[in-house]
Novice: 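Here's a structure for you.
Side-chain atoms are counted along with the backbone in the values below, which use heavy atoms only and exclude waters and symmetry mates.
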Amino acid sequence: MPSLAKAYIAIIAAVATAVLIVVAYRWNPENLGRFVLFFALAMVASAMKIRLPGFKTTISINFLFILISIALFSFGETVLIGLGGALVQSLWKTQQRPRPVQVLFNAACLTVCTATAFWASHSIPPMLRLNSLAAMMIPGACVYLVLNTGLVSLVISLAEGCSLRELWSSCYEWTFPYFLVGAAVAGLASAAGHGTNWGVTLLVVPTMYFVYIYYRMHIVRAVLESISSVSRENEALLAGASQGR
């Protein structure tokens with residue numbers, strides 16, 4: 001791995017460590033039982049992951065629980081949900097054993113993204129004198145999506161020498177529709193949770209499971225179509241070469 005990539009990973013890990021120190025210092029859950037239940041559901045969601053075409057990384061529906069927790073839980077609880085989700089996503093049923101540096105970066109990246117999204121959600125609306133759930137959710141969702149895709153694309157670019165612009169564009173293109181639907185569901189679930197209607201909030205689990213299945217099928221179909229297109233092009237080239245002889 002290039003030295004620049006190692007330095008970048010070290011910086012992200014250092015920032016994540018600082019965030020976790022703050023979490024430990026300010027840890028004060030309002031309702032531990034509710035948090036444990038939500039944390040367990042978030043870990044299950046983290047195991048529902050999809051590998052993005054062209055990337056050695058995955059996305060899961062854990063981001064949905066991160067967005068909901070931004071609205072319903074404290075800073076420390078939200079960060080722990082992000083960190084735990086990253087570890088499950090990195091270690092659970094992987095195609096090949098991940099290297100420690102990969103697990104470290106994934107955990108640090110999601111910790112930083114979650115903390116920054118929480119800060120954006122709770123800091124930007126008061127600056128603009130806005131006081132609504134939508135005003136809180138939108139900045140957090142936008143910051144999380146842009147930062148997460150950006151940090152992942154940058155580490156791949158540094159490690160493999162690829163174009164950052166192309167990587168980020170491709171990553172954003174694949175994740176945006178999935179994230180958009182998830183953010184909308186998270187907003188509805190958060191609104192229900194603010195009304196203490198946790199039964200409605202937990203309906204997000206089967207809802208996002210069907211979204212996950214649909215998006216997984218969409219990616220598989222897109223990959224198969226790409227393979228089929230390449231095969232047709234190769235066949236055409238072979239046919240042209242045969243005719244030229």
Novice: Going hydrophobic residue to hydrophobic residue with side-chain gaps under 4.5 angstrom, can you get from I138 over to L72?
Specialist: no
Novice: What donor-acceptor contacts under 3.5 angstrom involve side-chain atoms of residues 81-88, with partners at least two apart or in another chain?
Specialist:
none

Novice: Test of understanding: clusters of I, L, V, M, F, W, Y form through side-chain heavy atoms closer than 4.5 Å, transitively. Do V23 and M43 belong to the same one?
Specialist: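 Yes, V23 and M43 fall within the same hydrophobic cluster.
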Novice: Which residues pass the side chain to side chain contact (heavy atoms under 4.5 Å, CB included) test with T17, sequence neighbours left out?
Specialist: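 T17 satisfies side chain to side chain contact (heavy atoms under 4.5 Å, CB included) with I21 only.
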Novice: For V19 and A115, work out which heavy atoms get closest and say how close.
Specialist: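 Heavy-atom minimum between the residues: CG1-CB, 3.8 Å.
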Novice: Taking ring pair (Phe, Tyr, Trp, His ring centres under 6.0 Å) as the definition, give me every residue that meets it alongside F35, ordered by chain and number, with sequence neighbours left out.
Specialist: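 Partners of F35 by the ring pair (Phe, Tyr, Trp, His ring centres under 6.0 Å) criterion, ordered by chain and then number, come out as W27, F39.
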Novice: Tell me the closest heavy-atom pair linking A13 and L104, and the distance in Å.
Specialist: CB-CD1, 4.3 Å
Novice: Please collect all side chain to side chain donor-acceptor pair (under 3.5 Å) contacts where either partner lies in residues 121-130, sequence neighbours excluded, each pair once.
Specialist: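 Counting only pairs at least two positions apart or across chains, the side chain to side chain donor-acceptor pair (under 3.5 Å) contacts touching residues 121-130 are W119-S123.
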Novice: For N62, enumerate each residue passing the side-chain hydrogen bond (donor to acceptor under 3.5 Å, both in side chains) test, keeping only those at least two apart in sequence or located in another chain.
Specialist: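 Result, side-chain hydrogen bond (donor to acceptor under 3.5 Å, both in side chains) vs N62: S46.
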Novice: Please tell me whether L41 and L67 are part of a single hydrophobic cluster in this structure, the criterion being side-chain heavy atoms less than 4.5 Å apart.
Specialist: yes
Novice: Would you compute the distance between atom OG1 of T116 and atom CG of L147 and round it to the nearest 0.5 angstrom?
Specialist: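 If we round to the nearest 0.5 Å, T116:OG1 and L147:CG are 5.0 Å apart.
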Novice: Can you name the residues that form a side chain to side chain contact (heavy atoms under 4.5 Å, CB included) with V44, not counting sequence neighbours?
Specialist: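 Here the qualifying residues are M48.
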Novice: For E160 and S157, indicate whether the former's side chain and the latter's backbone hold a donor-acceptor pair under 3.5 Å.
Specialist: no
Novice: Where do P139 and A120 come nearest, in terms of heavy atoms and distance?
Specialist: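 Minimum heavy-atom contact is CB-O, 3.9 Å.
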Novice: Under the criterion ring pair (Phe, Tyr, Trp, His ring centres under 6.0 Å), which of F75, Y144, F73 is the partner of F118?
Specialist: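 Exactly one candidate clears the test, F75.
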Novice: Counting N and O atoms only, with roles assigned by atom type, does the side chain of S69 sit under 3.5 Å from a partner on the main chain of I66, one being a donor and the other an acceptor?
Specialist: yes
Novice: Just by distance, do the side chain of E166 and the backbone of S163 share a donor-acceptor pair under 3.5 Å?
Specialist: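 Not confirmed, E166 side chain does not pair with S163 backbone.
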Novice: Find the distance between CG (L110) and CD (Q89) and round it off to the nearest 0.5 Å.
Specialist: 7.0 Å
Novice: State the CD1-CG distance between I9 and L151, to the nearest 0.5 angstrom.
Specialist: 11.5 Å
Novice: Applying the 4.5 Å side-chain criterion to the ILVMFWY set and letting contacts propagate, would L154 and I156 be lumped into a single cluster?
Specialist: yes
Novice: OH of Y8 to CD1 of I11: how many Å apart, nearest 0.5 Å?
Specialist: 9.0 Å
Novice: Hey, what do you get for CD (E77) to CZ (R34), rounding to the nearest 0.5 Å?
Specialist: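 Here the interatomic distance stands at 7.5 Å.
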Novice: To the nearest 0.5 Å, what is the distance between CD1 on I12 and CG on N106?
Specialist: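 It is 12.0 Å, given to the nearest 0.5 Å.
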Novice: How about L164 and S153: do any of their side-chain heavy atoms sit closer than 4.5 Å?
Specialist: yes
Novice: If hydrophobic clusters are built from ILVMFWY residues whose side chains come within less than 4.5 Å, do F38 and L32 share one?
Specialist: yes
Novice: Could you report the tightest heavy-atom contact between V146 and T149, atom names first, then the distance?
Specialist: O-OG1, 3.2 Å
